2 protein chains.
Amino acid sequence: MLQLKDLPDKEIIRRFAERYPQANVDAVLSFLKVLQVGTDLSLALNQYLAEFDLLQGRWWVLILLMREEDKRATPSTLAEKAGVSRATMTGLLDGLLKERLISREHALVDRRQIEIKLTQAGQDKLDEVMPGYYERVSKLMATIDSDLNQQMIEALTILHNHRQLFFN
Amino acid sequence: MLQLKDLPDKEIIRRFAERYPQANVDAVLSFLKVLQVGTDLSLALNQYLAEFDLLQGRWWVLILLMREEDKRATPSTLAEKAGVSRATMTGLLDGLLKERLISREHALVDRRQIEIKLTQAGQDKLDEVMPGYYERVSKLMATIDSDLNQQMIEALTILHNHRQLFFN
DNA sequence: TTGACATAGTTAGCCAGCTAACTATAATGG
DNA sequence: CCATTATAGTTAGCTGGCTAACTATGTCAA
């Protein structure tokens, strides 16, 4: 994902709109802004997680496991919830296993399945990472007042729900 | 970047907040929403560009070149504006050169520099891609009313400007 | 003028995504 | 009951990011 350090200003978009009359200046600006800020925050998050030898993928797996009552899940459901392929999940779990943050066991009911479980070391890792993560998120989001925040969420939710408009 | 198909609901975050009192439910929800929608739109854009054998990186280089009066730039400035390393830019330019969408010439003034120029084929490619891109962006953004759009941009701009709050 | 430092671009090698192809196991319907 | 189809997980090989190390050229100050 690009960082888009140099977003076009209205003037540049207007120049493009002369050649491409389909261009709507405000629409393009907001679209690019969403992409830009998404990348910003994603990079910032990765940078924080890297201090703990984690990246978004492996960190999110730990969180998904911690959400479960019994701290267990199968690779397939984890892949589905994280939005990555099962192949990628295999790789993420390999990494987590190497650091003993999770364990792998054959499931009893269905012998095709593997049960992934958050280990104590995995829980300890989260206990290290999460407080600083929540602090940073709180500090960052406190720069927007509560009403504006609600409106932003509303707008983003609408975009999320209509994202398939891009695929026609 | 993760797709975060399964965002936590307020109940889950509240459970986490019992263990991690730093957690602010609304802050976490907005933060993740920005990440999620950024990824959504990025994936959707890539999917559209892939129809034209482009991806965000190479597409953005073509746009940056088209913005220039003389359709020229050096790899360094392109890397800076696109927010990628110079090494990555070398790779992107290699790809574009192979399809003859740009040309490379040694600069006259400074013999370390290379001048990259948008070719006619490159301009033709943009003329193919951009109308559909602008149409899709317009259609998508039209789902948010204008006031809400302004508020979203305002909020995102504040977040962008404070992103370094994540690095302490 | 020349030694030290800075800058432009490339190369090599790493990493985390992906798809496609594979094995093993389970479910199902004729 | 067994042939077909579906599902779980892994492997191999591709891609586009990255950093670090390198070459070539330029700049500047003693």
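It should be emphasised that the depicted structure is a prediction, and the values quoted were computed from it without experimental measurement. Just so we're on the same page: letters track the sequence lines, and every chain starts at 1. Only this structure's heavy atoms are used, side chains among them; waters, hydrogens and symmetry mates stay out.
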For the CZ atom on B:R100, are there more than 12 heavy atoms of other groups (residues, nucleotides or ligands in this structure) within a distance under 6.0 Å? no
If only atom types and distance count, is the side chain of A:Y134 paired as donor or acceptor with the main-chain N or O of B:V28 below 3.5 Å? no
Can you check the B:L78 CG to C:dT10 P distance for me, whole Å? 11 Å
Checking B:W60 against B:K81 for the side chain to side chain contact (heavy atoms under 4.5 Å, CB included) test, could you report, in this order, the C-alpha distance in whole Å, the side-chain angles of both residues, the deciding distance, and whether it holds? CA-CA 10 Å; B:W60 198 248; B:K81 290 180 180 178; 5.8 Å; no
Are any of the side-chain heavy atoms of B:L49 and B:Y133 separated by less than 4.5 Å? no
Atom-pair distance (NZ on B:K98; P on D:dG16), nearest Å: 9 Å
For D:dT10 and A:R104 - does any side-chain N or O of the residue sit under 4.0 Å from the phosphate oxygens OP1/OP2? yes
Hey, is the main chain of B:Q56 close enough, under 3.5 Å, to the side chain of B:N46 for a donor-acceptor pair? yes
Pairs under 3.5 angstrom, nitrogen or oxygen only, protein versus nucleotides 12-17 of chain C, please.
none

Please tell me whether B:W59 and B:F52 form a close aromatic pair, meaning their ring centres lie under 6.0 Å apart. no
Within the sub-3.5 Å range, which N or O atoms of nucleotides 5-8 of chain C have a protein N or O partner, and how far apart are they?
{"from": "C:dT7", "atom 1": "O2", "to": "B:R112", "atom 2": "NH1", "distance (Å)": "2.8"}
{"from": "C:dA8", "atom 1": "N7", "to": "B:R86", "atom 2": "NH1", "distance (Å)": "3.3"}

Distance, rounded to the nearest Å, where A:M89 contributes CE and C:dC18 contributes C1': 14 Å
Exam field: side chain A:Q36 to backbone A:L4, donor-acceptor pair closer than 3.5 Å: yes
Measure CG/B:L93 against C1'/C:dT10 and give the value in whole Å, please. 12 Å
Can A:R72 and A:I116 be said to form a side chain to side chain contact (heavy atoms under 4.5 Å, CB included), step by step? CA-CA 5 Å; A:R72 286 167 192 277; A:I116 302 298; over 6 Å; no
Whole-Å gap separating P (D:dT23) and CZ (B:R111): 18 Å
D:dG9 P sits how many Å from A:L97 CG, rounded? 14 Å
How sharply is the helix from C:dT1-D:dA30 to C:dG30-D:dC1 bent, taking the axes over five pairs at either end and rounding to 10 degrees? 10°
Is B:R163 reaching over with its side chain to a backbone N or O of B:H160, donor-acceptor style, under 3.5 angstrom? yes
